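For reference, the structure is listed below as structure tokens.
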Amino acid sequence: MAGGKMPLLSRKCKIKKVKNRYKIIYRKNPRPMLAVVAFTLLMACMAGHMVKEDVRNTEAEKLILQGARLKSQKSGQNGESNENSVTREEKMRYLLGEVLASQLGKPYMHNGEGPEGFDCSGLVKYAYGQIGIEIPRVAADQAETGIIVDDGMLNFGDVLFFGESPGEITHVGIYTGYGCMIHAPKPGDAVRLERIDNEYYKKAFVRAVRLI
């Protein structure tokens, strides 16, 4: 060491005396390790969220299919459906249930008509189109099709319309039984099951129509 002076060292290393000799020891940079830990925690959180979403969607699928089969099961004995007594309408409802269950979790997409994503009326048009029933694309026009039914007499597959006033329809969903509907709610959301007995939907309800 020139002049007996110690060299300037960065903070990443230090000098340690070992058996009358000086040795430079480099410190490990903790940042990469911290980044790995942070990334691992983030992945774990995302995985946990995905598992919760999968569980939620699985339960919703079961509820939709159960609602679709409800009338068919009543036609049979001991809770089993009797194919000879199942009507064409009931078979179509079950097919509709299978279609709807497979759309859960798909993203809201402006002007989306599926199958990658949907807006509210796009989901209704797509689902009914899959079982051979063609309906208009826009919610206001969809509300003019089918038979108007009382909201206290809803069947699986009835189409529900909502708006800020009776003459204005701004949203649509499909009734799935047990007080629930499946719909594509809004941007940033996904196709999901939701109860219709909360205050907002009670107040916004305009009409229900039956297509099956």
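Start at 1 with the first residue, then count along the sequence. Only a predicted model underlies this, so the values are computations on that prediction, with no experimental measurement involved.
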Test your reading of the model: is there a side-chain donor-acceptor pair from [X] to the backbone of [Y], 3.5 Å cut-off?
X	Y	value
Asp189	Lys186	no
Glu90	Thr87	yes
Gln142	Ser121	yes
Arg192	Ala184	no
Tyr128	Leu123	no

From [X] [atom1] over to [Y] [atom2], what is the distance, rounded to the nearest 0.5 angstrom?
X	Y	atom1	atom2	result
Tyr178	Phe156	OH	CZ	10.5 Å
Glu61	Gln103	CD	CD	10.0 Å
Lys62	Glu59	NZ	CD	4.5 Å
Ile169	Leu160	CD1	CG	11.5 Å
Glu144	Ile135	CD	CD1	12.5 Å

Is [X] linked to [Y] within one hydrophobic cluster, defined over Ile, Leu, Val, Met, Phe, Trp and Tyr using a side-chain heavy-atom separation of less than 4.5 Å?
X	Y	answer
Ile148	Leu211	yes
Met92	Val124	yes
Met181	Leu63	no
Ile174	Val209	yes
Phe161	Leu100	yes

Classify the ring geometry of Phe162 against His171: parallel below 30°, tilted from 30° to 60°, perpendicular beyond 60°.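 It falls in the tilted class, 30° to 60°.
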Less than 4.5 Å apart, any side-chain heavy atom of [X] and any of [Y]?
X	Y	result
Leu104	Ile182	yes
His183	Val172	no
Glu164	Lys203	no
Ile131	Ile212	yes
Ile196	Leu154	yes

Compute both the distance and the angle, then confirm whether Arg69 meets the cation-pi test with Tyr94: under 6.0 Å from the six-membered ring centre, within 45 degrees of the axis.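 Yes, Arg69 lies over the aromatic ring of Tyr94.
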Quick one: do [X] and [Y] make a salt bridge, cutoff under 4.0 Å?
X	Y	answer
Glu116	Lys106	no
Glu89	Arg210	no
Lys125	Asp119	no

Decide yes or no on side-chain contact (heavy atoms from CB on, under 4.5 Å) for Ile64 and Leu193, but give the supporting numbers first. CA-CA 9 Å; Ile64 289 172; Leu193 211 58; 3.8 Å; yes
Applying side-chain contact (heavy atoms from CB on, under 4.5 Å), run through Met109 and Asn111 and close with a yes or a no. CA-CA 6 Å; Met109 185 182 295; Asn111 291 328; over 6 Å; no
Would Tyr175 and Val159 satisfy side-chain contact (heavy atoms from CB on, under 4.5 Å), going step by step from the backbone distance to the final call? CA-CA 6 Å; Tyr175 186 68; Val159 186; over 6 Å; no
Locate the shortest heavy-atom distance separating Gly163 from Val206; write the atom from each residue and the value.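 Minimum heavy-atom separation between Gly163 and Val206: N-CG2, 3.5 Å.
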For the student: nearest non-hydrogen atoms of Pro185 and Ala190, plus distance: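 Shortest heavy-atom separation between Pro185 and Ala190 comes out as CD-O, 3.2 Å.
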Evaluate the ring pair (Phe, Tyr, Trp, His ring centres under 6.0 Å) criterion for residues Phe118 and Tyr108: first the C-alpha distance (whole Å), next the side-chain angles of each, then the deciding distance (0.1 Å), finally the verdict. CA-CA 5 Å; Phe118 302 92; Tyr108 181 97; 9.8 Å; no
Walk me through it: do Tyr201 and Arg195 pass the test side-chain contact (heavy atoms from CB on, under 4.5 Å)? CA-CA 9 Å; Tyr201 287 118; Arg195 296 199 61 81; over 6 Å; no
